[in-house]
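Structure first, commentary second.
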Protein chains: 2
Amino acid sequence: MTVDRDSMEPIYQQVARLMRARIDSGEWPPGYRLPSEPDLAGSYQVNRDTLRKSVRVLVDEGHLAVVRGKGTFVIKPEG
Amino acid sequence: MTVDRDSMEPIYQQVARLMRARIDSGEWPPGYRLPSEPDLAGSYQVNRDTLRKSVRVLVDEGHLAVVRGKGTFVIKPEG
DNA sequence: AAATATTTGTACGTATGTATG
DNA sequence: GCATACATACGTACAAATATT
């Protein structure tokens with residue numbers, strides 16, 4: 001062992017975890033439109049590019065859907 | 001009709017097409033390691049970030065595999 | 001209808017970190 | 001240790017789709 005490995009997690013994954021928690025907890029319910037990317041980036045103190053990486057993770061997981069010009073929405077269970 | 005729509009294609013997709021063509025043509029055969037991202041970015045006259053988007057497209061299509069620290073490789077038919 | 005504002009998408013530039021050779 | 005190659009992160013600007021006034 002090389003002492004304490006795997007304690008590093010990229011920021012965008014950390015943010016993705018935080019956002020996932022808000023979805024799972026119901027704070028961001030199905031159909032909810034998230035704050036804008038610049039707003040979220042500000043909230044999490046990260047760059048917009050980094051935030052968008054986090055969003056992509058959740059989109060890939062099927063938790064979020066992004067619609068250009070409209071916003072980012074929490075996916076509903078059925079669809 | 002709104003006159004000639006859909007004639008706009010993002011640069012990263014254009015580059016993805018060019019790269020796909022080189023794979024399909026056999027210029028980049030299975031197992032081949034592509035030039036480095038900075039080199040490819042220079043060849044196609046785009047930013048490295050843009051080139052990485054193109055690569056992601058081909059990875060998602062199953063044409064390429066990216067290995068950190070090693071390079072980007074053309075996927076072999078079988079695996 | 002038209003102009004404006006909002007929101008996501010694309011593109012470039014730069015710096016630093018991590019994995020591999 | 002050093003060089004190479006991919007990964008992450010930040011900043012900036014403008015384009016495109018949508019919504020609002």
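Reminder, nothing fancy here: chain letters follow the sequence lines and each chain counts from 1.
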- Rounded off to whole Å, could you give me the OH-to-P distance for the B:Y12 and C:dT10 pair? 4 Å
- Task: Write down the distance between CZ (B:F73) and P (D:dA5), rounded to a whole number of angstrom.
- Result: 11 Å
- Message: Nearest to the side chain of B:I11, heavy atoms from C-beta on, is which of C:dC12, D:dC6, C:dG21?
- Response: C:dC12
- Query: Residues from residues 40-66 of chain B sitting under 4.0 Å of DNA chain D, heavy atoms only?
  - Reply: B:R48, B:R52, B:V66
- Query: Got A:V57 and A:M19 here, is their nearest side-chain heavy-atom distance under 4.5 Å?
  - Reply: no
- Taken in chain and number order and not counting sequence neighbours, the residues that satisfy side chain to side chain donor-acceptor pair (under 3.5 Å) with B:E27 are B:R22
- Hey, which sits more toward the 5' end of DNA chain D by its nearest nucleotide, A:Q14 or A:G69? A:Q14
- Item | B:P35 to B:L40 - nearest heavy-atom pair and separation | O-CD1, 3.4 Å
- Message: With a 4.0 Å cutoff (strictly under), does any side-chain N or O of A:K70 reach OP1 or OP2 of D:dA17?
- Response: no
- Task: Check every atom of C:dT18, D:dA15, D:dA19 against the side chain of A:R68 and return the nucleotide holding the closest atom.
- Result: D:dA15
- Message: Are B:I23 and B:Y12 linked, directly or through intermediate hydrophobic residues, by side-chain heavy-atom contacts shorter than 4.5 Å (ILVMFWY only)?
- Response: no
- Query: Does A:T72 place a side-chain N or O at less than 4.0 Å from the phosphate oxygens OP1/OP2 of C:dT7?
  - Reply: no
- Message: Testing B:V55, B:V46, B:L58, B:T50 one by one against B:V15 for a side-chain contact (heavy atoms from CB on, under 4.5 Å), which residue passes?
- Response: B:V46
Which atoms of nucleotides 3-5 of chain C (N or O only) lie under 3.5 Å from a protein N or O atom, and what are those distances?
none

- Item | Rounded interatomic separation in angstrom, taking CG from A:D39 and P from C:dT7 | 7 Å
- Given a cutoff of under 4.5 Å between side-chain heavy atoms of I, L, V, M, F, W and Y, with clusters grown through shared members, what are the other residues clustered with B:V67? B:F73
- Task: Tell me the partner of C:dA1, counting only Watson-Crick (N1-N3 plus N6-O4 or O6-N4) or G-U wobble (N1-O2 and O6-N3) with both under 3.5 Å; none if nothing fits.
- Result: none
- Task: Sorted by first residue and then second, give each side-chain hydrogen bond (donor to acceptor under 3.5 Å, both in side chains) pair with at least one member in residues 58-67 of chain B; sequence neighbours left out.
- Result: B:R20-B:E61, B:E61-B:H63
- Query: B:L34 has an atom CG; how far is it from atom P of D:dT4, in whole Å?
  - Reply: 19 Å
- Rounded interatomic separation in angstrom, taking CD from B:Q13 and P from D:dA15: 19 Å
- Task: Give a yes or no on whether the backbone of B:S54 and the side-chain of B:Q13 come within a donor-acceptor separation of less than 3.5 Å.
- Result: no
- Where at least one partner belongs to residues 30-48 of chain B, residue pairs that pass salt bridge (charged side-chain N to carboxylate O under 4.0 Å, His left out), sequence neighbours excluded: B:E37-B:R48, B:E37-B:R52
